[in-house]
Amino acid sequence: MSVNSERKWFSESRYGLFIHFGLYSVAGRHEWVQTLEEISVADYQKYLDQFDPDLLDPHEWAQKAKEAGFKYVIITAKHHDGFCLWHTKETEYHIGKTPYQRDLLGELIEAFRQVGIKIGLYYSLLDWHHPDFLVDGYHPMRNNPTYIEQHPGNMENYRQFMANQVRELLTSYGTIDYLWFDFSYKSRDWGTSVGKGAQDWGSVELEKMIHEIQPNILINDRLDLHRGVLTPEQFARSKAMDNEEEVWETVQTLNNSWGYDRDNLNFKTSEMVAKQLVDTVSKGGNFTMNIGPNARGEWDDNSDSILSSVGQWLRKYGKAIYGAGLSSFTPPQDCRYTQKGNKLYLHIFSWPYRTILLPELGGKVKFAKLLNDGSEIRFVDTKHLGGERKATTNLYKEITEVHVKEALDPSMLMLNIPIKEPNELIPVIELTLKEEEK
Ligand code: GLC
(Lines give C-alpha, C1' and ligand atoms only; values in the text may rest on other atoms or scores of the structure.)
Protein backbone atom coordinates (compact mmCIF):
# COMPACT_ATOMS: atom_id res chain seq x y z
CA MET A 1 0.00 0.00 0.00
CA SER A 2 1.31 3.46 -0.69
CA VAL A 3 0.77 6.78 1.00
CA ASN A 4 -1.94 9.32 0.41
CA SER A 5 -2.31 12.52 2.34
CA GLU A 6 -4.94 11.25 4.84
CA ARG A 7 -2.67 8.41 5.78
CA LYS A 8 0.58 10.33 5.96
CA TRP A 9 0.27 10.55 9.74
CA PHE A 10 1.14 6.89 9.95
CA SER A 11 4.56 6.97 8.31
CA GLU A 12 5.38 10.22 10.06
CA SER A 13 4.60 8.67 13.45
CA ARG A 14 7.22 5.91 13.16
CA TYR A 15 6.79 4.60 16.72
CA GLY A 16 3.62 2.82 17.85
CA LEU A 17 2.50 0.97 20.97
CA PHE A 18 0.75 -2.39 20.83
CA ILE A 19 -1.29 -3.29 23.92
CA HIS A 20 -2.24 -6.92 24.51
CA PHE A 21 -4.67 -7.10 27.38
CA GLY A 22 -7.43 -9.60 28.09
CA LEU A 23 -8.37 -12.72 30.04
CA TYR A 24 -4.97 -14.30 29.27
CA SER A 25 -3.38 -11.53 31.35
CA VAL A 26 -4.88 -13.24 34.40
CA ALA A 27 -3.30 -16.60 33.48
CA GLY A 28 -0.04 -14.68 33.01
CA ARG A 29 1.57 -17.22 30.71
CA HIS A 30 1.24 -16.03 27.09
CA GLU A 31 -1.82 -14.84 25.16
CA TRP A 32 -2.10 -18.23 23.44
CA VAL A 33 -2.45 -20.01 26.80
CA GLN A 34 -5.94 -21.31 25.99
CA THR A 35 -4.79 -23.25 22.97
CA LEU A 36 -1.27 -24.03 24.19
CA GLU A 37 -2.85 -25.83 27.14
CA GLU A 38 -6.01 -26.92 25.26
CA ILE A 39 -8.31 -25.28 27.81
CA SER A 40 -12.05 -25.54 27.17
CA VAL A 41 -14.31 -22.50 27.22
CA ALA A 42 -15.82 -23.79 30.48
CA ASP A 43 -12.40 -24.05 32.16
CA TYR A 44 -11.28 -20.70 30.76
CA GLN A 45 -14.29 -19.09 32.45
CA LYS A 46 -12.28 -18.75 35.69
CA TYR A 47 -10.21 -16.02 34.05
CA LEU A 48 -13.36 -14.09 33.21
CA ASP A 49 -14.58 -14.46 36.79
CA GLN A 50 -11.22 -13.17 38.09
CA PHE A 51 -10.72 -10.36 35.58
CA ASP A 52 -10.55 -7.24 37.72
CA PRO A 53 -7.67 -4.89 36.85
CA ASP A 54 -8.36 -2.67 39.83
CA LEU A 55 -5.18 -0.59 39.54
CA LEU A 56 -5.77 0.28 35.91
CA ASP A 57 -5.98 3.97 35.13
CA PRO A 58 -6.54 4.57 31.38
CA HIS A 59 -5.20 8.13 31.73
CA GLU A 60 -2.02 6.84 33.33
CA TRP A 61 -1.48 4.37 30.46
CA ALA A 62 -2.04 7.15 27.95
CA GLN A 63 0.30 9.52 29.76
CA LYS A 64 3.00 6.88 30.05
CA ALA A 65 2.66 6.10 26.35
CA LYS A 66 2.97 9.76 25.47
CA GLU A 67 6.05 10.21 27.66
CA ALA A 68 7.56 7.07 26.14
CA GLY A 69 7.30 8.74 22.72
CA PHE A 70 4.55 6.64 21.10
CA LYS A 71 2.45 8.34 18.43
CA TYR A 72 -0.19 5.67 17.89
CA VAL A 73 -1.60 2.76 19.83
CA ILE A 74 -3.10 -0.57 18.77
CA ILE A 75 -5.35 -2.09 21.43
CA THR A 76 -6.57 -5.69 21.42
CA ALA A 77 -10.35 -5.21 21.20
CA LYS A 78 -10.74 -8.96 20.80
CA HIS A 79 -7.97 -11.55 20.79
CA HIS A 80 -8.09 -15.20 19.65
CA ASP A 81 -9.82 -16.32 22.86
CA GLY A 82 -12.84 -14.30 21.71
CA PHE A 83 -13.03 -12.11 24.80
CA CYS A 84 -14.14 -8.57 23.99
CA LEU A 85 -12.74 -5.54 25.78
CA TRP A 86 -15.85 -3.49 25.05
CA HIS A 87 -19.58 -3.70 25.75
CA THR A 88 -20.48 -5.46 22.53
CA LYS A 89 -24.08 -6.36 21.78
CA GLU A 90 -23.01 -9.32 19.67
CA THR A 91 -21.94 -11.67 22.46
CA GLU A 92 -22.13 -11.98 26.23
CA TYR A 93 -18.42 -12.74 26.29
CA HIS A 94 -17.25 -9.25 27.14
CA ILE A 95 -15.73 -7.10 29.82
CA GLY A 96 -19.12 -5.95 31.12
CA LYS A 97 -19.60 -9.48 32.45
CA THR A 98 -16.39 -9.48 34.48
CA PRO A 99 -16.04 -8.07 38.02
CA TYR A 100 -14.37 -5.06 36.38
CA GLN A 101 -17.48 -4.28 34.32
CA ARG A 102 -16.30 -0.99 32.79
CA ASP A 103 -16.07 -0.47 29.02
CA LEU A 104 -12.28 -0.40 29.08
CA LEU A 105 -11.85 -0.09 25.32
CA GLY A 106 -14.00 3.05 25.23
CA GLU A 107 -12.12 4.56 28.16
CA LEU A 108 -8.72 3.78 26.67
CA ILE A 109 -9.67 5.22 23.28
CA GLU A 110 -10.81 8.42 24.98
CA ALA A 111 -7.70 8.69 27.18
CA PHE A 112 -5.20 8.06 24.36
CA ARG A 113 -7.02 10.44 22.07
CA GLN A 114 -6.87 13.13 24.73
CA VAL A 115 -3.06 13.01 24.74
CA GLY A 116 -2.92 13.16 20.94
CA ILE A 117 -2.16 9.51 20.24
CA LYS A 118 -3.80 8.00 17.13
CA ILE A 119 -6.10 5.04 17.68
CA GLY A 120 -5.66 1.56 16.25
CA LEU A 121 -7.78 -1.47 17.13
CA TYR A 122 -6.64 -5.06 16.94
CA TYR A 123 -9.38 -7.52 16.03
CA SER A 124 -8.75 -11.25 15.95
CA LEU A 125 -10.16 -13.14 12.98
CA LEU A 126 -9.75 -16.34 14.97
CA ASP A 127 -12.27 -16.89 17.73
CA TRP A 128 -11.94 -19.84 20.07
CA HIS A 129 -15.08 -18.95 21.96
CA HIS A 130 -17.63 -18.48 19.19
CA PRO A 131 -19.64 -21.71 18.78
CA ASP A 132 -19.84 -21.34 14.98
CA PHE A 133 -16.12 -20.93 14.43
CA LEU A 134 -14.98 -24.04 12.57
CA VAL A 135 -12.42 -25.93 14.66
CA ASP A 136 -8.97 -26.04 13.03
CA GLY A 137 -5.43 -26.94 14.05
CA TYR A 138 -4.98 -23.78 16.14
CA HIS A 139 -8.21 -24.27 18.09
CA PRO A 140 -7.99 -25.30 21.78
CA MET A 141 -10.56 -28.06 21.13
CA ARG A 142 -8.72 -29.54 18.14
CA ASN A 143 -8.21 -32.83 20.01
CA ASN A 144 -11.68 -32.99 21.51
CA PRO A 145 -13.96 -35.14 19.26
CA THR A 146 -17.06 -34.41 21.35
CA TYR A 147 -16.64 -30.66 20.96
CA ILE A 148 -15.93 -31.02 17.26
CA GLU A 149 -19.01 -33.17 16.79
CA GLN A 150 -21.21 -30.73 18.66
CA HIS A 151 -19.72 -27.75 16.80
CA PRO A 152 -19.61 -28.54 13.09
CA GLY A 153 -18.93 -24.88 12.33
CA ASN A 154 -21.07 -22.32 10.58
CA MET A 155 -18.72 -19.77 9.11
CA GLU A 156 -21.60 -17.91 7.48
CA ASN A 157 -22.89 -17.06 10.96
CA TYR A 158 -19.41 -16.29 12.16
CA ARG A 159 -18.78 -13.91 9.24
CA GLN A 160 -21.98 -12.07 10.08
CA PHE A 161 -20.92 -11.86 13.72
CA MET A 162 -17.54 -10.38 12.77
CA ALA A 163 -19.06 -7.87 10.38
CA ASN A 164 -21.50 -6.76 13.10
CA GLN A 165 -18.72 -6.40 15.65
CA VAL A 166 -16.47 -4.46 13.31
CA ARG A 167 -19.39 -2.18 12.43
CA GLU A 168 -20.04 -1.69 16.12
CA LEU A 169 -16.40 -0.77 16.79
CA LEU A 170 -16.37 1.69 13.92
CA THR A 171 -19.62 3.38 14.88
CA SER A 172 -19.33 3.55 18.68
CA TYR A 173 -16.02 5.29 19.34
CA GLY A 174 -15.58 8.10 16.80
CA THR A 175 -12.66 8.07 14.39
CA ILE A 176 -10.60 4.91 14.43
CA ASP A 177 -7.36 5.52 12.58
CA TYR A 178 -6.20 1.98 12.06
CA LEU A 179 -7.79 -1.47 12.06
CA TRP A 180 -5.45 -4.36 12.69
CA PHE A 181 -6.76 -7.82 11.80
CA ASP A 182 -5.02 -10.97 12.96
CA PHE A 183 -4.52 -13.31 11.09
CA SER A 184 -4.92 -15.45 7.94
CA TYR A 185 -3.37 -18.88 7.58
CA LYS A 186 -4.82 -20.18 4.36
CA SER A 187 -1.87 -22.41 3.55
CA ARG A 188 -1.98 -24.43 6.79
CA ASP A 189 -3.03 -28.05 6.48
CA TRP A 190 -3.25 -30.19 9.59
CA GLY A 191 -4.59 -33.23 7.80
CA THR A 192 -7.89 -33.25 9.65
CA SER A 193 -8.45 -29.50 9.17
CA VAL A 194 -7.12 -26.67 7.03
CA GLY A 195 -6.29 -23.00 7.58
CA LYS A 196 -8.51 -20.00 6.93
CA GLY A 197 -8.25 -17.00 4.62
CA ALA A 198 -10.13 -14.27 2.78
CA GLN A 199 -13.15 -16.40 1.86
CA ASP A 200 -13.62 -17.67 5.40
CA TRP A 201 -13.51 -14.14 6.83
CA GLY A 202 -15.49 -12.51 4.01
CA SER A 203 -12.54 -10.15 3.72
CA VAL A 204 -13.62 -8.39 0.53
CA GLU A 205 -17.04 -7.47 1.94
CA LEU A 206 -15.53 -6.63 5.32
CA GLU A 207 -13.02 -4.25 3.79
CA LYS A 208 -15.73 -2.61 1.67
CA MET A 209 -17.94 -2.07 4.71
CA ILE A 210 -15.04 -0.62 6.72
CA HIS A 211 -14.24 1.92 3.99
CA GLU A 212 -17.90 2.89 3.72
CA ILE A 213 -18.03 3.68 7.43
CA GLN A 214 -14.58 5.25 7.81
CA PRO A 215 -13.05 6.08 4.41
CA ASN A 216 -9.67 7.26 5.72
CA ILE A 217 -8.96 4.34 7.98
CA LEU A 218 -5.80 2.29 7.53
CA ILE A 219 -6.10 -1.51 7.47
CA ASN A 220 -3.24 -3.96 7.89
CA ASP A 221 -2.34 -6.79 5.53
CA ARG A 222 -3.66 -9.81 7.40
CA LEU A 223 -7.08 -10.16 5.78
CA ASP A 224 -5.45 -12.24 3.04
CA LEU A 225 -6.21 -9.63 0.38
CA HIS A 226 -2.56 -8.91 -0.43
CA ARG A 227 -2.91 -5.25 0.39
CA GLY A 228 -2.82 -2.96 3.39
CA VAL A 229 -0.06 -1.96 5.78
CA LEU A 230 2.58 -4.72 5.75
CA THR A 231 3.23 -6.08 9.24
CA PRO A 232 6.36 -8.25 9.46
CA GLU A 233 6.27 -9.75 12.94
CA GLN A 234 9.24 -10.09 15.31
CA PHE A 235 11.50 -9.89 12.32
CA ALA A 236 14.10 -7.32 11.25
CA ARG A 237 14.20 -6.60 7.53
CA SER A 238 17.69 -6.58 6.07
CA LYS A 239 16.89 -3.77 3.64
CA ALA A 240 14.27 -1.25 2.61
CA MET A 241 11.25 -2.40 0.57
CA ASP A 242 11.89 -2.65 -3.17
CA ASN A 243 9.02 -0.25 -3.60
CA GLU A 244 10.02 2.53 -1.24
CA GLU A 245 6.46 3.91 -1.23
CA GLU A 246 5.22 0.75 0.49
CA VAL A 247 3.84 1.46 3.97
CA TRP A 248 5.03 -1.04 6.60
CA GLU A 249 5.51 -1.50 10.29
CA THR A 250 7.35 -4.20 12.09
CA VAL A 251 5.62 -5.36 15.27
CA GLN A 252 7.84 -6.45 18.12
CA THR A 253 7.66 -7.69 21.68
CA LEU A 254 9.77 -6.88 24.71
CA ASN A 255 10.15 -10.53 25.77
CA ASN A 256 8.75 -12.64 22.91
CA SER A 257 5.27 -12.85 24.43
CA TRP A 258 2.48 -10.40 23.57
CA GLY A 259 0.29 -11.02 26.57
CA TYR A 260 1.60 -10.72 30.14
CA ASP A 261 3.95 -13.66 30.74
CA ARG A 262 5.07 -13.50 34.36
CA ASP A 263 7.92 -16.02 34.34
CA ASN A 264 9.38 -15.02 31.01
CA LEU A 265 12.18 -12.60 31.78
CA ASN A 266 13.75 -12.74 28.37
CA PHE A 267 13.60 -8.97 27.98
CA LYS A 268 15.42 -6.95 25.37
CA THR A 269 17.55 -4.12 26.66
CA SER A 270 16.45 -0.56 26.02
CA GLU A 271 19.52 -0.16 23.82
CA MET A 272 18.37 -3.08 21.68
CA VAL A 273 14.89 -1.60 21.38
CA ALA A 274 16.26 1.82 20.41
CA LYS A 275 18.54 0.19 17.84
CA GLN A 276 15.64 -1.79 16.38
CA LEU A 277 13.63 1.41 16.14
CA VAL A 278 16.43 3.29 14.38
CA ASP A 279 17.21 0.38 12.10
CA THR A 280 13.55 0.14 11.06
CA VAL A 281 13.19 3.87 10.38
CA SER A 282 16.47 3.83 8.42
CA LYS A 283 14.78 1.28 6.14
CA GLY A 284 11.64 3.37 5.74
CA GLY A 285 9.37 1.48 8.16
CA ASN A 286 7.42 1.99 11.38
CA PHE A 287 8.29 0.24 14.60
CA THR A 288 5.52 -0.96 16.88
CA MET A 289 6.49 -2.16 20.32
CA ASN A 290 4.23 -4.23 22.54
CA ILE A 291 3.31 -4.09 26.21
CA GLY A 292 1.33 -6.82 27.97
CA PRO A 293 0.02 -5.19 31.17
CA ASN A 294 -0.54 -7.44 34.18
CA ALA A 295 -3.85 -8.57 35.67
CA ARG A 296 -3.98 -5.66 38.13
CA GLY A 297 -3.81 -3.37 35.09
CA GLU A 298 -0.24 -2.16 35.56
CA TRP A 299 2.83 -2.17 33.34
CA ASP A 300 5.43 -4.49 34.90
CA ASP A 301 8.64 -2.84 36.08
CA ASN A 302 10.84 -4.35 33.37
CA SER A 303 8.65 -3.19 30.50
CA ASP A 304 8.06 0.14 32.15
CA SER A 305 11.73 0.94 32.56
CA ILE A 306 12.73 -0.21 29.05
CA LEU A 307 9.98 1.85 27.43
CA SER A 308 10.65 4.91 29.51
CA SER A 309 14.36 4.83 28.82
CA VAL A 310 13.68 4.65 25.07
CA GLY A 311 11.28 7.56 25.68
CA GLN A 312 14.08 9.53 27.32
CA TRP A 313 16.25 8.87 24.31
CA LEU A 314 13.45 10.03 22.00
CA ARG A 315 13.11 13.28 23.92
CA LYS A 316 16.51 14.27 22.52
CA TYR A 317 16.52 12.28 19.30
CA GLY A 318 12.86 12.38 18.25
CA LYS A 319 13.76 14.76 15.44
CA ALA A 320 15.82 11.97 13.88
CA ILE A 321 12.85 9.56 14.06
CA TYR A 322 9.47 11.27 13.71
CA GLY A 323 8.82 12.32 10.11
CA ALA A 324 12.22 10.93 9.16
CA GLY A 325 12.98 7.94 6.94
CA LEU A 326 15.19 6.34 4.41
CA SER A 327 18.24 8.18 3.07
CA SER A 328 19.83 7.57 -0.31
CA PHE A 329 23.33 7.93 1.20
CA THR A 330 25.27 4.84 2.26
CA PRO A 331 26.09 4.85 5.99
CA PRO A 332 29.54 3.88 7.26
CA GLN A 333 30.06 0.60 9.14
CA ASP A 334 28.06 0.12 12.38
CA CYS A 335 25.94 3.19 11.66
CA ARG A 336 22.48 3.94 10.30
CA TYR A 337 21.17 7.02 8.54
CA THR A 338 17.74 8.52 8.87
CA GLN A 339 16.89 11.64 6.90
CA LYS A 340 14.36 14.45 6.98
CA GLY A 341 14.79 17.13 4.30
CA ASN A 342 18.31 18.50 4.49
CA LYS A 343 18.98 16.94 7.90
CA LEU A 344 20.84 13.68 7.76
CA TYR A 345 21.12 11.81 11.05
CA LEU A 346 24.07 9.53 11.67
CA HIS A 347 23.16 6.97 14.38
CA ILE A 348 26.37 5.45 15.72
CA PHE A 349 25.78 1.87 16.96
CA SER A 350 29.43 1.28 17.81
CA TRP A 351 31.59 4.27 18.70
CA PRO A 352 34.88 4.27 16.80
CA TYR A 353 38.17 5.93 17.72
CA ARG A 354 38.43 9.59 16.78
CA THR A 355 37.25 9.64 13.18
CA ILE A 356 34.35 8.49 11.05
CA LEU A 357 34.64 8.57 7.29
CA LEU A 358 31.41 9.26 5.49
CA PRO A 359 31.29 7.98 1.91
CA GLU A 360 29.57 10.13 -0.73
CA LEU A 361 29.37 13.19 1.52
CA GLY A 362 32.47 15.12 0.42
CA GLY A 363 31.43 18.69 -0.38
CA LYS A 364 27.85 18.13 0.73
CA VAL A 365 27.72 19.00 4.41
CA LYS A 366 27.27 22.47 5.82
CA PHE A 367 27.42 21.73 9.54
CA ALA A 368 27.73 18.74 11.84
CA LYS A 369 26.80 18.49 15.50
CA LEU A 370 26.30 15.96 18.24
CA LEU A 371 22.62 15.80 19.13
CA ASN A 372 23.05 14.98 22.82
CA ASP A 373 24.47 18.43 23.61
CA GLY A 374 24.26 20.29 20.30
CA SER A 375 28.04 20.74 20.12
CA GLU A 376 29.85 21.16 16.82
CA ILE A 377 31.68 18.25 15.23
CA ARG A 378 34.53 19.48 13.09
CA PHE A 379 35.21 17.70 9.83
CA VAL A 380 37.69 17.49 7.00
CA ASP A 381 36.20 18.06 3.59
CA THR A 382 38.86 17.96 0.93
CA LYS A 383 36.34 18.52 -1.81
CA HIS A 384 35.58 21.81 -0.19
CA LEU A 385 39.32 22.51 0.06
CA GLY A 386 39.77 21.76 -3.60
CA GLY A 387 41.30 18.34 -2.90
CA GLU A 388 44.60 19.84 -1.79
CA ARG A 389 46.63 18.65 1.19
CA LYS A 390 45.50 21.72 3.07
CA ALA A 391 43.51 19.44 5.30
CA THR A 392 46.67 18.22 6.95
CA THR A 393 47.88 21.61 8.08
CA ASN A 394 47.55 23.01 11.58
CA LEU A 395 43.98 22.33 12.46
CA TYR A 396 44.08 18.66 11.54
CA LYS A 397 47.69 17.84 12.23
CA GLU A 398 46.75 15.06 14.63
CA ILE A 399 45.42 12.99 11.75
CA THR A 400 47.64 10.10 10.73
CA GLU A 401 49.01 9.67 7.22
CA VAL A 402 46.57 6.84 6.47
CA HIS A 403 43.67 8.96 7.45
CA VAL A 404 45.01 11.83 5.45
CA LYS A 405 44.96 9.63 2.39
CA GLU A 406 41.39 8.54 2.98
CA ALA A 407 40.31 11.98 4.01
CA LEU A 408 41.78 13.38 0.86
CA ASP A 409 39.44 11.26 -1.22
CA PRO A 410 37.17 14.13 -2.25
CA SER A 411 34.07 11.93 -2.16
CA MET A 412 34.59 11.36 1.58
CA LEU A 413 33.90 13.53 4.53
CA MET A 414 35.89 12.86 7.68
CA LEU A 415 34.30 13.60 11.06
CA ASN A 416 36.56 14.26 14.04
CA ILE A 417 34.66 12.79 16.96
CA PRO A 418 35.51 12.96 20.67
CA ILE A 419 37.40 10.03 22.15
CA LYS A 420 34.83 9.63 24.87
CA GLU A 421 31.51 8.25 23.66
CA PRO A 422 28.54 10.30 24.86
CA ASN A 423 26.59 8.41 27.50
CA GLU A 424 23.49 7.78 25.38
CA LEU A 425 21.58 4.66 24.21
CA ILE A 426 22.67 5.62 20.70
CA PRO A 427 24.71 8.77 20.02
CA VAL A 428 23.57 10.68 16.95
CA ILE A 429 25.33 13.28 14.81
CA GLU A 430 23.13 15.64 12.87
CA LEU A 431 24.54 16.61 9.47
CA THR A 432 23.03 19.64 7.82
CA LEU A 433 23.29 19.14 4.09
CA LYS A 434 23.86 22.02 1.72
CA GLU A 435 20.47 22.89 0.28
CA GLU A 436 21.18 21.50 -3.17
CA GLU A 437 22.15 18.09 -1.73
CA LYS A 438 18.87 16.99 -0.13
C1 GLC B 1 0.37 -13.25 16.22
C2 GLC B 1 -0.26 -13.94 17.37
C3 GLC B 1 -0.76 -13.05 18.37
C4 GLC B 1 -0.32 -11.63 18.42
C5 GLC B 1 0.01 -11.07 17.08
C6 GLC B 1 0.62 -9.70 17.07
O7 GLC B 1 -0.10 -13.46 15.00
O8 GLC B 1 -1.22 -14.85 17.00
O9 GLC B 1 -0.92 -13.63 19.57
O10 GLC B 1 -1.39 -10.91 18.87
O11 GLC B 1 0.77 -11.93 16.39
O12 GLC B 1 1.22 -9.41 15.85
Side-chain angles (χ1 to χ4, degrees), residues 10 15-39 44 47 70 72-85 105 108 119-130 133 135-140 142 162 165-166 169 178-188 190 195-198 200-201 203 218-225 228-237 247-262 264 266 268 273 276-277 280 285-294 303:
F10 184 72
Y15 192 37
L17 176 66
F18 223 136
I19 300 181
H20 277 70
F21 193 56
L23 299 185
Y24 45 79
S25 315
V26 182
R29 38 181 205 280
H30 200 279
E31 78 286 354
W32 276 51
V33 62
Q34 187 181 7
T35 198
L36 293 174
E37 298 178 13
E38 301 186 30
I39 305 174
Y44 201 72
Y47 301 128
F70 294 106
Y72 60 96
V73 67
I74 303 164
I75 310 166
T76 47
K78 181 192 88 164
H79 206 267
H80 307 335
D81 62 9
F83 175 69
C84 301
L85 219 57
L105 188 67
L108 286 173
I119 307 298
L121 298 183
Y122 169 107
Y123 184 87
S124 172
L125 297 164
L126 290 73
D127 194 316
W128 300 328
H129 176 270
H130 198 287
F133 186 87
V135 175
D136 58 35
Y138 285 135
H139 198 283
R142 60 191 172 278
M162 280 205 298
Q165 281 210 315
V166 171
L169 287 170
Y178 190 13
L179 252 189
W180 216 97
F181 290 102
D182 194 31
F183 58 90
S184 295
Y185 45 108
K186 189 72 206 149
S187 60
R188 295 306 300 249
W190 289 275
K196 295 184 174 64
D200 304 281
W201 317 130
S203 297
L218 282 173
I219 306 177
N220 74 338
D221 62 341
R222 297 192 181 187
L223 279 172
D224 187 31
L225 292 174
V229 177
L230 300 174
T231 56
E233 179 170 328
Q234 305 229 50
F235 171 77
R237 286 188 58 85
V247 177
W248 64 281
E249 64 166 338
T250 174
V251 291
Q252 302 281 341
T253 60
L254 286 170
N255 64 348
N256 276 334
S257 174
W258 299 89
Y260 181 60
D261 196 5
R262 185 191 58 210
N264 168 351
N266 206 6
K268 295 176 173 127
V273 174
Q276 280 190 296
L277 166 63
T280 305
N286 279 21
F287 185 78
T288 299
M289 180 41 85
N290 178 70
I291 176 103
N294 67 29
S303 307

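Indexing begins at 1, ligand by ligand and atom by atom, following the structure's order. Heavy-atom basis, side chains included; hydrogens, waters and symmetry copies ignored.
Heavy-atom contacts from other residues, nucleotides or ligands closer than 6.0 Å to CZ of Arg262 number 12 or fewer.
Taking the six-membered ring for Trp and thresholds of 30 and 60 degrees, His139 and Trp128 have ring planes more than 60 degrees apart, a perpendicular arrangement. Ring orientation note: the planes of Tyr44 and Tyr47 are nearly perpendicular, at an angle over 60° on the 30°/60° scale. Taking the six-membered ring where tryptophan is involved, the planes of Trp258 and Phe18 are perpendicular, since the angle between them exceeds 60° and thus also 30°.
Counting only heavy atoms from C-beta outward, the side chains of Tyr123 and Arg222 never approach each other to under 4.5 Å. For the pair His79/Leu23, no side-chain contact is recorded, criterion being any heavy-atom separation below 4.5 Å from C-beta on. With a 4.5 Å cut-off on side-chain heavy atoms, Leu108 and Phe21 do not count as touching.
Looking at atom 2 (C) of ligand 1, its nearest protein heavy atom turns out to be Trp32 NE1, 3.5 Å. Of the protein's non-hydrogen atoms, Asp182 OD2, 3.2 Å is the one closest to atom 5 (C) of ligand 1. Counting protein heavy atoms only, atom 10 (O) of ligand 1 is closest to His20 NE2, 2.5 Å.
Under the 4.0 angstrom criterion for non-hydrogen atoms, Trp180 is in contact with ligand 1. Residue His80 places a heavy atom less than 4.0 Å from ligand 1.
If you look at Asn290 next to ligand 1, there are no close heavy atoms at all, none under 4.0 Å. When non-hydrogen atoms are compared, ligand 1 lies under 4.0 Å from neither the backbone nor the side chain of Gln252.
The ligand atoms of ligand 1 that sit less than 4.0 angstrom from a heavy atom of Val251 are 12 (O). Of all the atoms in ligand 1, the ones that sit under 4.0 Å from a non-hydrogen atom of Phe183 are 7 (O), 8 (O). Atoms of ligand 1 found under 4.0 Å from any heavy atom of Tyr122, numbered from 1 in the order shown, are 10 (O).
In the candidate list Glu233, Glu31, His79, Glu233 is nearest to atom 11 (O) of ligand 1, counting heavy atoms.
By the salt bridge (Lys or Arg N to Asp or Glu O under 4.0 Å) test, Lys196 pairs with Asp136, sequence neighbours left out.
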